[in-house]
Every structure is written in structure tokens, then in C-alpha cells.
*Asks:* 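One structure is given below, represented as C-alpha cells, and several questions about it will come after.
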Amino acid sequence: TSTTTTAIATTTTTQPPSNNALISVDSSSPTTDIKVRLINSTMVTITVNHHHTVQQIIDHIRIISAVSGPFKLIDAATMPRKTLTDGSLTVLQANLLKGQLQQAR
């Protein structure tokens with residue numbers, strides 16, 4: 001049996017994240033923290049497993065940031081910076097371990 005915990009990204013907004021924004025983290029599998037600067041300049045840290053996908057992170061950020069409409073997710077740890085466009089890549093495949101992302105319009 002595996003133990004499952006849930007990671008909640010913390011924000012300084014007045015509304016709590018929706019339950020749909022929760023990423024289920026398996027504590028028996030490798031995890032990493034990803035720092036994200038939201039459009040409103042709030043910094044959040046999201047704990048994910050290496051098998052989570054870029055799309056799951058995008059969905060999570062969409063809900064906690066309450067941004068309507070399209071946005072880009074930029075890998076801020078690379079030079080030059082690159083926009084994450086392949087949602088099917090895992091955190092490991094996208095080289096996002098201990099990553100730094102930026103939400104942008």
C-alpha cells in the first residue's frame with residue numbers, strides 16, 4: 001500500500017485554493033518542489049512527484065491563480081528562458097526538478 005498526501009500551494013490571496021487545485025503527492029515516490037511566480041507576483045511552492053505532468057502543473061496554477069484566459073508557463077531556470085508547451089512531459093522529462101517557473105500572459 002502506498003501513502004498519499006496532498007500538497008497545497010500557499011498564496012497570499014484572500015481566497016483559498018479550490019479543492020480541484022490540489023495535486024495528490026505520493027510520499028513513497030520521489031518528490032520535488034517547484035517555485036512558481038504567478039502573474040500577480042505572488043510566489044508559490046508546489047510539491048509534486050517526478051511523474052506529474054506539465055499539464056497537471058498548468059491546471060493547478062490556473063486554479064490557484066484564478067487567471068481567466070490563456071497564459072504561458074515559462075521555465076525561469078533556463079537561459080534562454082523557454083515556454084513549456086508539451087503538457088505530456090513529466091516533471092522529470094521536462095527537467096523541472098527543483099525548478100523555477102513563471103506564469104505569464
Side-chain angles (χ1 to χ4, degrees):
T1 58
S2 65
T3 305
T4 302
T5 58
T6 303
I8 301 174
T10 57
T11 67
T12 58
T13 60
T14 56
Q15 295 178 337
S18 161
N19 285 338
N20 294 332
L22 303 177
I23 293 179
S24 181
V25 176
D26 180 352
S27 60
S28 67
S29 294
T31 62
T32 191
D33 289 334
I34 299 175
K35 294 180 181 182
V36 183
R37 180 163 304 281
L38 302 177
I39 287 173
N40 68 3
S41 297
T42 301
M43 233 6 208
V44 297
T45 299
I46 302 171
T47 301
V48 297
N49 291 112
H50 294 191
H51 67 268
H52 282 108
T53 64
V54 169
Q55 188 61 54
Q56 288 173 304
I57 294 170
I58 290 170
D59 293 343
H60 182 83
I61 292 169
R62 179 177 311 284
I63 293 170
I64 64 168
S65 68
V67 170
S68 60
F71 67 85
K72 297 183 283 189
L73 199 56
I74 299 168
D75 185 347
T78 61
M79 283 298 181
R81 292 183 176 188
K82 65 178 181 181
T83 301
L84 300 174
T85 57
D86 187 348
S88 68
L89 291 177
T90 66
V91 168
L92 188 60
Q93 292 168 330
N95 294 319
L96 296 178
L97 301 181
K98 298 185 186 279
Q100 295 178 16
L101 303 176
Q102 182 177 348
Q103 182 188 31
R105 291 247 184 232

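Residue numbers start at 1 and run along the sequence shown.
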*Asks:* With Val91 as reference, evaluate Ile34, Val54, Thr31, Asn49 under the side-chain contact (heavy atoms from CB on, under 4.5 Å) test and give the passing residue.
*Replies:* Ile34
*Asks:* With no hydrogens and no angle check, do the side chains of Thr47 and Asp33 hold a donor and an acceptor under 3.5 Å apart?
*Replies:* yes
*Asks:* For the atom pair CD1 (Ile58) and CG (Leu84), what is the distance rounded to the nearest 0.5 Å?
*Replies:* 6.5 Å
*Asks:* Tell me yes or no: between the side chains of Gln100 and Arg37, is some donor less than 3.5 Å from an acceptor?
*Replies:* no
*Asks:* Anything under 3.5 Å between a donor and an acceptor, one on a side chain of residues 61-71, the other on a protein residue two or more places apart or in another chain? List them.
*Replies:*
residue: Arg62; atom: NH1; partner: Gly69; partner atom: O; Å: 3.1
residue: Ser65; atom: OG; partner: Ile61; partner atom: O; Å: 2.7
residue: Ser65; atom: OG; partner: Gln103; partner atom: NE2; Å: 3.0

*Asks:* Of all the heavy-atom pairs spanning Lys72 and Arg105, show the shortest one and how long it is.
*Replies:* CE-O, 3.2 Å
*Asks:* Quick check: closest heavy atoms across Thr90 and His51, and the distance to 0.1 Å?
*Replies:* CG2-O, 3.7 Å
*Asks:* So, taking the atom named CD in Gln102 and the one named OG in Ser41, what distance separates them when rounded to the nearest 0.5 Å?
*Replies:* 8.5 Å
*Asks:* Let's go through Thr32 and His50 carefully: what are the C-alpha distance in whole Å and the side-chain angles of both, what is the deciding distance for side chain to side chain contact (heavy atoms under 4.5 Å, CB included) to 0.1 Å, and is it a yes or a no?
*Replies:* CA-CA 7 Å; Thr32 191; His50 294 191; 4.2 Å; yes
*Asks:* When rounded to the nearest 0.5 angstrom, what is the spacing between CG in Leu73 and CD in Gln55?
*Replies:* 10.0 Å
*Asks:* How long is the straight-line distance from CD1 of Ile57 back to CD1 of Ile46, given to the nearest 0.5 Å?
*Replies:* 6.5 Å
*Asks:* Assigning hydrophobic clusters by single linkage (Ile, Leu, Val, Met, Phe, Trp, Tyr; side-chain heavy-atom cutoff under 4.5 Å), is Val44 placed with Ile39?
*Replies:* yes
*Asks:* What's the verdict on side chain to side chain contact (heavy atoms under 4.5 Å, CB included) for Asp75 and Leu96, showing C-alpha distance, side-chain angles and the deciding distance?
*Replies:* CA-CA 8 Å; Asp75 185 347; Leu96 296 178; 3.8 Å; yes
*Asks:* Flag the pair Leu92 / Leu97 as yes when at least one side-chain heavy-atom distance between them is below 4.5 Å, and no otherwise.
*Replies:* yes
*Asks:* Is the backbone of Thr85 close enough, under 3.5 Å, to the side chain of Thr83 for a donor and an acceptor to pair up by distance?
*Replies:* no
